[in-house]
There are 2 protein chains.
Amino acid sequence: MRPSKRDELVQKALKVFYRNGFHATGMDMLVAETGVSKTSMYNHFRTKEDLILAVLRLRDENFRNWLYRRMEERADTPRDQLIAMFDALEEWFEEPGFRGCMFIKASAEYQNADHAIHIQSAEHKRMLQVHVGELARKAGLENPDVLARQLLLLKEGAIVTAHLQHTQAPAQDAKAAAIALIELAD
Amino acid sequence: MRPSKRDELVQKALKVFYRNGFHATGMDMLVAETGVSKTSMYNHFRTKEDLILAVLRLRDENFRNWLYRRMEERADTPRDQLIAMFDALEEWFEEPGFRGCMFIKASAEYQNADHAIHIQSAEHKRMLQVHVGELARKAGLENPDVLARQLLLLKEGAIVTAHLQHTQAPAQDAKAAAIALIELAD
DNA sequence: GACTTTATTTACAGATCAGTACATTTGATC
DNA sequence: GATCAAATGTACTGATCTGTAAATAAAGTC
């Protein structure tokens, strides 16, 4: 099944939202950017919020697939894959279009804890945590869940800092810290 | 000198922007919230962007003063003050109105690297880094600047995660990681 | 108290916001 | 090819956006 019209719209909306922000991007801009008419857009997505939620679902899928795959390509053992996460991050930071984490930005614009967009952003992070936690467990490290949380703090910090200071340096700082924490848990 | 009208406006605008976000807060809402008229508002601040920049300046002053003071109150030595930073963070996370870092959110809404709001947000982080770097140096730790950057990655990660998952747990995870990194640099 | 300057209010401009009613086109079915 | 249903385009709504022009009030100054 080739990508449906809807999927195509989500994909293009993802780019615009990521580059431009959520509130700053109007439906008119999306309509202009995608070439589709407004009625069609609202036929595919009941509201702007629905569109954003669809965008976040796609982003979650894309990002986690990419990150997990890249970690596996770069290292063989679970332990080394944890470390490779930070090299993958560096690759991401180097991309010209890098603009930080879409979920952090989504939760920054939709702050209310019970807002669907906020909840879905939190869910993305939770799934990352589960995955990293399992890698830490497979690697036979002590307190794998605590370690996973700490590695993810380094990851989030690195993403935010790389975006704010527009440099990829935080990836290597975080990697060095991660190695230290992993060795201590060995 | 008692707070001028302008300072009062900045203070109230800070609360509204922090609670509500930047794009989501219109000048009309601020005018209603502060009781002042629209023309007065625009007499004090040429544009919404100017108001936001003034808000961020106040936030920078408030936050760094509060954090540095709290670190000193909680610990005597530079080394322990570095660790106490994470206890101070936990205090912050526990506050009912906690909504994450205003500068991360500002840079999330004004992403362009050469936007004044983005630049000013980055400057806040840079000043924190200098301060923490000096503490690490005073504590006689190895590679004080690298360590400072790593501790701040933990801090940013903890803030983002605490906001996203609305729990204060990241503060203690970050603290434990920080202690490990500090001991390794001892 | 008259005069000047400054701050404030009211009322509005033009653009854009999310969302929709209705006409038109398109594509499938007979 | 006629008929019908789904997708699309046009044109609009009322609300809200940032920002402003002109009228009014307040506060000094002589």
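We name chains A, B, ... by the order of the sequence lines, and we start the count at 1 in each one. Computed from heavy atoms alone, side chains included, the values below leave out hydrogens, waters and symmetry copies. Keep in mind that this is a model prediction, so the values were computed, not measured.
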> Choosing from D:dG9, C:dT9, D:dT20, which nucleotide comes nearest the side chain of B:Lys38?
Replying inline: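 So the nucleotide nearest the side chain must be D:dT20.
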Could you tell me how far apart [X] ([atom1]) and [N] ([atom2]) are, to the nearest whole angstrom?
X: A:Leu51; N: C:dC17; atom1: CG; atom2: P; answer: 14 Å
X: A:Ile52; N: C:dA18; atom1: CD1; atom2: P; answer: 9 Å
X: B:Asn43; N: C:dT6; atom1: CG; atom2: C1'; answer: 9 Å
X: A:Tyr42; N: D:dG9; atom1: OH; atom2: C1'; answer: 16 Å
X: B:Arg46; N: D:dG19; atom1: CZ; atom2: P; answer: 9 Å

> Tell me, do A:Arg149 and B:Thr161 make a side-chain contact under 4.5 Å, heavy atoms counted?
Replying inline: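 They are not in side-chain contact.
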> Contacts to DNA chain C from residues 19-35 of chain A, heavy-atom cutoff under 4.0 Å, which residues?
Replying inline: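 Result for residues 19-35 of chain A: A:Thr25, A:Gly26, A:Met27, A:Asp28, sorted by number.
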> Does the base of C:dG19 carry an N or O that pairs as donor and acceptor with the side chain of A:Lys48 under 3.5 Å?
Replying inline: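 Such a pair does not exist between side chain and base.
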> Does A:Thr39 get its side chain close enough to the base of C:dA21, under 3.5 Å, for a donor-acceptor pair?
Replying inline: yes
> Between B:Thr47 and A:His44, which is nearer to the 5' end of DNA chain D once each is assigned its nearest nucleotide?
Replying inline: A:His44
Could you tell me whether [X] and [Y] have a side-chain N and a carboxylate O separated by less than 4.0 Å?
X: A:Lys125; Y: A:Glu156; result: yes
X: A:Glu123; Y: A:Arg126; result: yes
X: B:Arg69; Y: B:Glu72; result: no

>> Is the phosphate of C:dT10 approached by B:Ser37 (side-chain N or O, under 4.0 Å from OP1 or OP2)?
In response: no
> Angle class for the B:Phe98/B:Phe93 ring planes (parallel below 30°, perpendicular above 60°, tilted otherwise)?
Replying inline: tilted
> A:His118 vs B:His166 aromatic rings, parallel, tilted or perpendicular, using cut-offs 30° and 60°?
Replying inline: tilted
